[in-house]
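Okay, structure first, notes after.
Sequence lines set the chain letters: A, B, ... in the order given, protein chains first and strands last, and positions in each chain run from 1.
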Amino acid sequence: MANQGLGAPPCYNLRIAPRRARTPRNPMDPQYQPKSLEPAVQKAWEDGKAFAAPDASDKPKYYDVGMLPYPSGKLHMGHVRNYSINDALAHYLRMKGFNVLQPMGWDAFGLPAENAAMANGVPPAKWTWDNIAYMKKQLRSLGFSIDWSREVATCSPDYYRWNQWLFLRMREKGIAYRRTGTVNWDPVDQTVLANEQVIDGKGWRTGATVEKREIPMWYLRISQYADELVDALDGLGWPEQVKQMQRNWIGRSHGVAFTLPYAPATAARMGDSGGPRPDGAGPVGLKVYTTRADTIMGITFAAVAAEHPLAAEAAKGNPALAAFIEECKKGGVMEADLATMEKKGMPTGLHVLHPFTKEPVEVWVGNYVLMGYGEGAVMAVPGHDERDFAFAKKYGLAIKPVIDVGGQPYSTDAWQPWYEQAGTCVNSGKYDGLDQQAAIDAVAADLAAMGLGAKRKQFRLRDWGISRQRYWGTPIPMILCPACGDVPVPDGELPVVLPEDLVPDGSGNPLAKSKAFLECRCPECGGAARRETDTMDTFVDSSWYFMRYTCPGAQAMVDARADYWMPMDQYIGGIEHAILHLLYARFWTKVMRDMGLVKFDEPFRNLLTQGMVLNHIFSRRTAKGGIEYFAPEEIEAKADAEGRVTGATLKADGSAVEYNGIGTMSKSKRNGVDPQDLIDRYGADTARLYVMFASPPTDTILWSDSSVEGSHRFLRRLWKLVHDHLAAGGPVAARAAGELARPLKDLRYKLHRTIDKVGDDYGRRLQFNTAIAAVMELLNALGEARDDTPAGRAVAQEVLESAVLLLSPIVPHIATALWAELRPGTRLVDQPWPAVDASALVQETVELVVQVNGKLRGHITVPAAASKEEIEKIALASEAAVKFMEGRPAKKVVVVPGRLVNIVV
RNA sequence: GCCCGGGUGGCGAAACUGGUAAACGCAGCGGGCUUAAAACCCGCAGCCGCGAGGCUUGUCGGUUCGAUCCCGACCCCGGGCACCA
């Protein structure tokens with residue numbers, strides 16, 4: 001408008017729409033318009049198949065996978081965070097010359113689909129496939145460099161047939177087997193409940209008190225691989241934290257298993273003499289396992305789980321005990337609940353004998369003894385085991401200290417953490433004075449000599465129960481024949497296809513009511529038979545999907561292409577999967593290896609566990625006693641001065657709701673944040689930049705959308721810097737190495753330091769927030785060093801090209817557009833990662849900090865090559881040193897080259 | 001309860017191997033540009049103190065010339081605990 005009226009009658013000017021000067025300019029838009037720019041860039045990638053990964057290449061391969069999403073309906077911020085990290089690495093490694101594969105798929109079986117079906121009557125299959133379609137659109141709009149030709153949905157028969165096939169192979173090898181297991185039972189709905197569906201010991205829909213129930217289930221013998229699963233952790237490029245969690249989970253311990261012989265009356269009751277068996281099968285009595293055999297002289301009672309056979313025997317003719325055992329069946333099976341329960345018990349009236357003193361020891365039933373670990377029975381040493389101690393205090397049982405820890409005084413008044421530390425045996429007869437290991441060895445040897453026991457390696461890890469009494473999962477390919485028993489479905493009849501039109505109603509598995517599915521012929525005798533209606537745990541689905549990505553359409557479970565891509569180079573997903581999913585997938589891989597299907601031992605070479613994206617959780621009880629959740633945006637929350645939420649009401653009607661603290665974003669708790677608003681308002685690049693800049697990937701973040709604006713502002717600034725540079729004379733050749741005057745030399749120093757740092761952040765540290773900050777600093781420095789001379793413009797060109805390349809893994813759309821303008825005729829996707837110019841990093845002087853007694857007092861500038869002695873001299877002569885030494889002599893001078901000088905007076 | 005993490009300005013964070021605490025950004029304040037607003041640009045900014053200076057990384061204690069970082073105890077928050085995924 002500045003040239004309004006120039007050379008033309010004003011009346012015409014009013015009619016001409018674009019009143020801006022029509023100077024020849026770059027065809028690109030001077031405004032940053034992600035809405036139009038991003039789809040155009042995405043289309044160009046798609047048309048050029050820019051991210052299709054060939055199954056063979058001269059380049060080294062890099063297989064980069066994000067844990068596949070559950071198709072819950074919409075993406076949430078956790079997904080954006082996860083796949084933005086994956087994608088940044090994928091782009092970075094492509095630029096570093098790797099053949100990169102980044103695939104995507106769907107963990108499509110699971111409970112939420114059944115819940116949705118119950119809520120609105122839509123079959124789980126339709127709900128799931130609709131969600132997949134929507135979420136795929138969202139992922140595409142985020143512009144991730146995914147090779148979509150390899151997509152896997154675990155609910156498609158082409159995929160789950162191989163779950164069934166491998167299950168049958170495992171059964172043949174005895175890895176899959178059937179036995180009873182304990183489940184949560186809702187007595188009102190007459191159905192098995194998932195742990196998640198049990199809230200405070202009650203069914204989530206009915207509010208009824210949950211009970212434990214024993215039912216037959218299929219198990220996979222993961223315990224057979226326990227040693228290898230522990231030992232192989234050492235060689236993995238995983239966070240130490242995750243390896244430690246897996247080690248503790250597997251819980252390999254070295255202890256002693258032995259028998260506490262029955263006392264004579266008990267032996268008679270148990271129908272046995274109490275002596276060694278004539279058949280040599282070992283002595284009869286109560287079998288226990290302990291890692292603390294050194295405390296054996298401190299036994300004051302024994303305790304068994306409520307489910308232990310001895311408890312059942314003792315309950316005969318003891319109504320009080322029978323009632324207690326019955327009471328122990330109340331409540332769910334969750335370990336957290338069992339462990340926090342008040343310790344309760346009851347004497348059985350039965351006795352065993354201490355193996356060495358032969359004194360009678362009373363056997364109790366204790367609700368804190370787990371049937372699933374060891375022998376389901378323990379020798380109780382309240383003096384040195386916290387749980388035994390609490391139990392003994394409650395029931396007035398004797399507490400006998402038998403370990404001395406550094407002479408500290410023992411008191412039975414209250415438990416002290418050091419009571420369970422290793423020490424020296426006391427009050428232990430012949431073992432007195434022995435240290436822990438010597439005592440364990442001696443006790444084990446004596447028990448062995450008596451034929452009562454031996455050292456044993458024990459694991460905490462239990463076999464993997466895969467049976468689920470649910471519809472929306474992989475059918476277990478077994479047939480139950482009244483004549484032949486359990487009969488496997490023949491390979492030729494796989495897959496056993498899950499019908500997709502059933503709608504669960506909350507009263508058990510609809511497969512069990514579907515004649516079409518249920519009724520079949522026995523493959524062995526041809527008689528009428530029934531199909532197994534249990535389906536597989538969805539962790540089966542996620543135990544090998546990453547192998548199937550590598551060989552889409554394979555006629556076997558996997559083919560040779562899996563050997564090219566696997567093992568995976570980088571796996572990224574939430575820390576909540578640190579144990580179960582990652583352990584099961586490792587186990588599954590080893591089984592496949594032992595069957596000759598794959599050649600590697602471990603599936604995931606490197607692992608990044610991203611922190612959770614957390615949000616507030618609000619809920620309230622329903623009239624029936626169940627629970628319902630509310631999204632944070634439906635809530636008006638009140639907070640105290642420290643920002644803690646103290647109360648909350650529903651915006652709609654002002655009714656009170658309960659605040660449940662903060663927790664991970666999930667569909668079931670309704671506290672996920674849909675990133676779609678962000679994408680619609682600011683574009684994918686801003687959303688991606690924001691999640692990457694907010695914090696390091698391993699940190700948890702509490703959701704807040706307040707600083708998104710800043711990320712968008714930065715991209716606009718970048719856009720403007722490039723366009724201002726080009727407007728001042730078009731693209732020029734970037735600065736090559738060579739001598740420059742001071743401000744430009746400093747700018748190039750900053751540039752190449754930044755290239756070095758950003759590469760290190762992407763490639764080694766996997767920390768992106770600091771990489772982005774470094775580029776921000778670089779662009780700030782460019783803005784300050786405005787220089788329109790040819791040399792200045794050449795350095796500016798180099799800085800801008802580099803900044804675009806450095807940011808491109810995180811914001812690929814804007815980077816693609818800006819690159820096309822900075823280097824017309826070339827494409828960003830063809831560019832390598834920028835190289836560091838070592839000559840730009842040479843400096844003549846360095847600035848050091850001067851400290852007196854460890855406190856910062858001033859700065860000195862010294863030649864980069866100065867020796868420690870020279871630096872010390874300059875520092876002592878500096879103004880700051882003279883002032884703060886106050887004439888005192890230096891007792892000591894610490895020189896840290898490149899950092900500081902500390903003068904101690 | 002057990003196992004694994006975390007706690008730094010008003011907020012997100014940085015400090016990578018024990019060496020300048022608070023880079024980079026958000027929010028804020030002051031100024032410029034504008035008729036005005038938006039956008040943009042410049043500047044200020046941990047706390048106390050007029051200042052010199054002192055204090056500050058959940059709390060308390062220790063090691064060290066020097067501690068956000070190592071050690072001990074405690075408090076709080078998150079993840080997992082085997083049928084949520």
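- Within the 4.0 angstrom heavy-atom criterion, only backbone atoms of the sugar-phosphate kind lie near A:Phe884; the bases stay farther away.
- Residue A:Glu784 contributes atom CD, which lies 12 Å from atom P of B:C41 at whole-angstrom precision.
- Within the structure, every side-chain polar atom (N or O) of A:Gln244 is placed at least 4.0 Å from both OP1 and OP2 of B:G5.
- The side chain of A:Asn769 places no N or O atom within less than 4.0 Å of a non-bridging phosphate oxygen (OP1 or OP2) of B:C24.
- In this structure, A:Met217 reaches the bases: a heavy-atom distance under 4.0 Å links it to at least one base atom across the strands shown.
- At B:A67, none of the side-chain N or O atoms of A:Lys855 fall inside 4.0 Å of OP1 or OP2 (strictly under the cut-off).
- Between the CG atom of A:Leu338 and the C1' atom of B:G1 there is a distance of 11 Å, given to the nearest Å.
- Residue contacts shown for A:Lys243 are absent, as no nucleic acid heavy atom lies under 4.0 Å away.
- Below 30°, between 30° and 60°, or above 60°: for A:Tyr70 and A:Trp127 the angle between ring planes is between 30° and 60°, a tilted geometry.
- Remark: A:Asn780 is in phosphate contact with B:G25, judged by side-chain N or O atoms under 4.0 Å from OP1 or OP2.
- Aromatic ring pairs are classed by plane angle as parallel below 30°, tilted from 30° to 60° and perpendicular above 60°; the pair A:Tyr571 and A:Tyr545 is tilted.
- Interatomic distance, A:Leu111 CG to A:Glu196 CD, rounded to the nearest 0.5 Å: 6.5 Å.
- Nucleotide B:U34 has no partner under the Watson-Crick or G-U criteria, as no pair reaches both atom distances under 3.5 Å.
- Figure legend: cation-pi geometry between A:Arg179 and A:Tyr219, with NZ or CZ positioned under 6.0 Å from the six-membered ring centre and within 45° of its axis.
- Here A:Met67 lies out of heavy-atom contact (under 4.0 Å) with every strand.
- The residue A:Val849 sits close to a base: some heavy atom pair falls under 4.0 Å.
- A:Arg765 has no side-chain polar atom (N or O) that falls below the 4.0 Å cut-off from OP1 or OP2 of B:C16.
- Proximity note for A:Val894 (side chain, C-beta onward) versus B:C40, B:C16, B:C65: the nearest is B:C65.
- Ring geometry for A:Phe768 versus A:Tyr762: interplanar angle of 30 to 60°, hence tilted.
- OP1 and OP2 of B:G1 both lie 4.0 Å or more from every side-chain N or O belonging to A:Arg387.
- Taking side-chain N and O atoms only, A:Arg713 has no distance below 4.0 Å to OP1 or OP2 of B:A38.
- Nucleic acid contact class of A:Phe539 (heavy atoms, under 4.0 Å, all strands): base.
- In the set B:G19, B:C26, B:U20, the nucleotide with an atom closest to the side chain of A:His859 is B:U20.
- Here A:Gln31 does not reach the OP1 or OP2 of B:C40: none of its side-chain N or O atoms lies under 4.0 Å away.
- A:Trp415 and A:Tyr419 have perpendicular rings, their planes meeting at more than 60° on a 0 to 90° scale where under 30° would count as parallel.
- In this model, the phosphate group of B:A85 is approached by a side-chain N or O of A:Thr538 to a distance below 4.0 Å at OP1 or OP2.
- Checking the phosphate oxygens (OP1, OP2) of B:A82, a side-chain nitrogen or oxygen of A:Asn195 falls inside 4.0 Å.
- Between the CD atom of A:Glu335 and the P atom of B:G79 there is a distance of 18 Å, rounded to whole Å.
- Looking at heavy-atom distances under 4.0 Å, A:Thr664 makes contact with sugar-phosphate atoms alone, never a base.
- Side-chain atoms of A:Leu856 lie closest to B:U20 of the nucleotides B:U20, B:C65, B:A85.
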